[in-house]
Engineer: 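Okay, here's the structure, questions in a sec.
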Amino acid sequence: MTYAPTPPTDGGCRTAPVLKERGQREVFCGLTGIIWLHRKMQDAFFLVVGSRTCAHLLQSAAGVMIFAEPRFATAILEEGDLAGLKDAQDELDAQVDRLLARRPDIKQLFLVGSCPSEVIKLDLAKAAERLTLAHGPSVRVLNFSGSGIETTFTEGEDACLASMVPVLPETDARQLVVVGALPDVVEDQMLGLLSGLGIDTVRCLPTRTAADELSVGPNTVFALTQPFLGETHAALERRHARHLPAPFPYGEEGTTAWLAAIAAEFGVDAETFAAVTDAPRARARAAVSQASEALRGKSVFFMPDSQMEIPLARFLARECGMQPIEVGQPYIHDALHGPDLDLLPAGPQISEGQDVDKQLDRARAARPDLTVCGLGLANPLEAEGLTTKWAIELVFTPVHFYEQAGDLAGLFSRPVRRRNILGLEAAE
Ligand code: SF4
């Protein structure tokens, strides 16, 4: 059964040669994931066990949010802990006792590893077990690493979600689990579309609160909404859940293909699929076409940052008329990124990993109309006359599914339009 024929590509990029590079990297560590995860999980607290550097990173990345009694903090390792003079485990227990006594609203506590806690080999897994015994069942304590040694940017979310999978209760129920932290309003839109298709046993990982029901088992199928969830994918497969491979739900086409993969699994008929998706598809197409006017015919270069690069390049190439020159991703995972690579028109250099100086040389030589990169590279490249889009905004802004497709195109067209306006003003 075909729900929505996708236009053929010229073979796509799945088998294209990949340029693999290792060297100097310009990326965030996984601690940044806490910024959006704590907003999603309303009764969770993230306690980073790290240094003042980690606390500064969180403060600067979270910006004004630090004034709103956020649900994250850093337990700072002092000289005595690092030198082994004090028992860091005892100190941690005391900190957690104080925190939980003061904040009875906390139902899930994540101990988040950092570079310093890893270097001194502080066993946070053992601490989480011990603290779960001490504070359970009202509080569940888990741990994951957000360190720069182990994780890059969005991998922090992946590590967090993967840490939750082994402790989920077992079920035999036939159900769909949608994986990835989406803003509540976007999640509600997605649940509305799936319910329209008649798929009602849908659960989300992460859940909004610890009390929300979520279990997993051999009759669970799961769909990913974010392309950076490789570890969570593996953890769910270890629980015998089955992945539904699909392009990621960015843009009209990506959303339709994502829904179609689920519809095929649940035997939804083509009429129902059309009845549910035709109107929002038309709305999304109109919004994208308007928002992408400034992008048509322009070239784009992706630096590796969030693992969202391949699906976004597919969206920009197919729906916004852009020409990707290079699409760099920190990691490429065929089970996750293959369907998007199939749809990405042949032509761009696909690269994995980074040697930042070499990649900057390629970008300078290509002079792309738009470069998608992290904050550390954006202003220097702007100063060299290149137009840039900060990748971090793509993670913080609602960009998934039909109703956000126009906004997603708008995120890319804004810097191009701004450059045009500034160029005109300068010429006057
Ligand atoms: S976890 Fe590592 S990379 Fe991240 S802020 Fe702390 S020290 Fe820096």
Side-chain angles (χ1 to χ4, degrees), residues 22-39 41 44-66 70-84 86 88-89 91-92 95-96 99 109-128 141-163 181 228-232 303-308 329-331 353-356 373-378 390-396:
R22 292 285 173 272
Q24 180 81 23
R25 301 187 310 157
E26 288 272 351
V27 285
F28 280 121
C29 68
L31 293 188
T32 34
I34 293 170
I35 311 295
W36 63 89
L37 283 169
H38 91 281
R39 280 194 276 184
M41 299 158 75
F45 194 98
F46 295 83
L47 184 64
V48 176
V49 183
S51 64
R52 286 185 204 285
T53 310
C54 312
H56 286 147
L57 172 93
L58 281 177
Q59 275 175 21
S60 44
V64 292
M65 275 193 281
I66 56 168
R71 280 175 288 99
F72 58 84
T74 310
I76 293 174
L77 293 164
E78 304 285 358
E79 299 273 306
D81 304 305
L82 298 173
K86 293 192 228 158
Q89 297 275 7
E91 298 253 318
L92 185 60
Q95 292 251 13
V96 168
L99 173 69
L109 174 66
F110 291 94
L111 305 177
V112 188
S114 66
C115 304
S117 74
E118 260 155 40
V119 168
I120 64 164
K121 305 230 178 308
L122 190 56
D123 192 343
L124 292 182
K126 209 162 83 195
V141 186
L142 293 172
N143 96 286
F144 68 91
S145 169
S147 83
I149 303 169
E150 299 231 325
T151 58
T152 301
F153 191 23
T154 47
E155 276 185 289
E157 174 175 337
D158 188 25
C160 173
L161 301 192
S163 78
F228 44 75
L229 298 172
E231 285 299 317
T232 313
M303 298 275 187
D305 203 59
S306 63
Q307 299 187 53
M308 294 160 79
Q329 231 177 231
Y331 309 98
Q354 188 171 43
D355 187 334
V356 71
C373 60
L375 278 171
L377 294 174
W390 301 344
I392 192 164
E393 228 185 316
L394 299 159
V395 184
F396 285 144

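Note: hydrogens, waters and symmetry copies are ignored here, and every other heavy atom, side chains too, is used. Note that the numbering runs from 1 along the sequence shown for the chain. Read the numbers this way: they start at 1 and go in the same order the structure lists the ligands and their atoms.
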Engineer: Looking at CD of Glu150 and CD of Glu231, how far apart are the two atoms once the value is rounded to the nearest 0.5 Å?
Structural biologist: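 Here the interatomic distance stands at 9.5 Å.
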Engineer: Around atom 8 (Fe) of ligand 1, find the nearest protein heavy atom and jot down its residue, atom name and distance.
Structural biologist: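 Result: Thr53 CG2, 4.0 Å.
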Engineer: For ligand 1, which atoms sit closer than 4.0 Å to a heavy atom of Ser114?
Structural biologist: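 With Ser114 as reference, the close atoms of ligand 1 come out as 1 (S).
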Engineer: Any idea which protein heavy atom is nearest atom 2 (Fe) of ligand 1, and the distance to it?
Structural biologist: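 Going by distance alone, atom 2 (Fe) of ligand 1 is nearest to Cys115 SG, 2.3 Å.
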Engineer: Is atom 4 (Fe) of ligand 1 less than 2.8 Å from at least one N/O/S atom of Cys29?
Structural biologist: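 Given the 2.8 Å cut-off, Cys29 counts as a ligand of atom 4 (Fe) of ligand 1.
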Engineer: Does the Ser60 side chain pair with the main chain of Leu57, one donor and one acceptor, at a distance under 3.5 Å?
Structural biologist: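 A pair under 3.5 Å: yes.
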Engineer: Among Phe45, Phe110, Phe72, find the one that has a ring pair (Phe, Tyr, Trp, His ring centres under 6.0 Å) with His38.
Structural biologist: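 One option only clears the test, and that one is Phe72.
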Engineer: State whether the side chain of Thr154 and the backbone N or O of Ser306 hold a donor-acceptor pair below 3.5 Å, judged by distance alone.
Structural biologist: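 Confirmed, Thr154 side chain pairs with Ser306 backbone.
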Engineer: Any side-chain heavy atom of Phe153 within less than 4.5 Å of one from Ile392?
Structural biologist: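 Yes; the side chains approach each other to less than 4.5 Å.
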Engineer: Using 0.5 Å steps for rounding, measure from the OG1 atom of Thr74 to the CD atom of Gln59.
Structural biologist: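 So the OG1 of Thr74 and the CD of Gln59 are separated by 7.5 Å.
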Engineer: Name the closest protein heavy atom to atom 6 (Fe) of ligand 1, giving the residue it belongs to and the distance to 0.1 Å.
Structural biologist: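 Protein heavy atom at minimum distance: Cys54 SG, 2.4 Å.
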Engineer: Run the numbers for me: atoms of ligand 1, each under 4.0 Å from some heavy atom of Gly148, listed by number.
Structural biologist: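 The list of qualifying atoms is 1 (S), 2 (Fe), 3 (S).
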Engineer: Please identify which atoms of ligand 1 are closer than 4.0 Å to at least one heavy atom of Ser147.
Structural biologist: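 Taking each heavy atom of Ser147 in turn, ligand 1 has 1 (S) under 4.0 Å.
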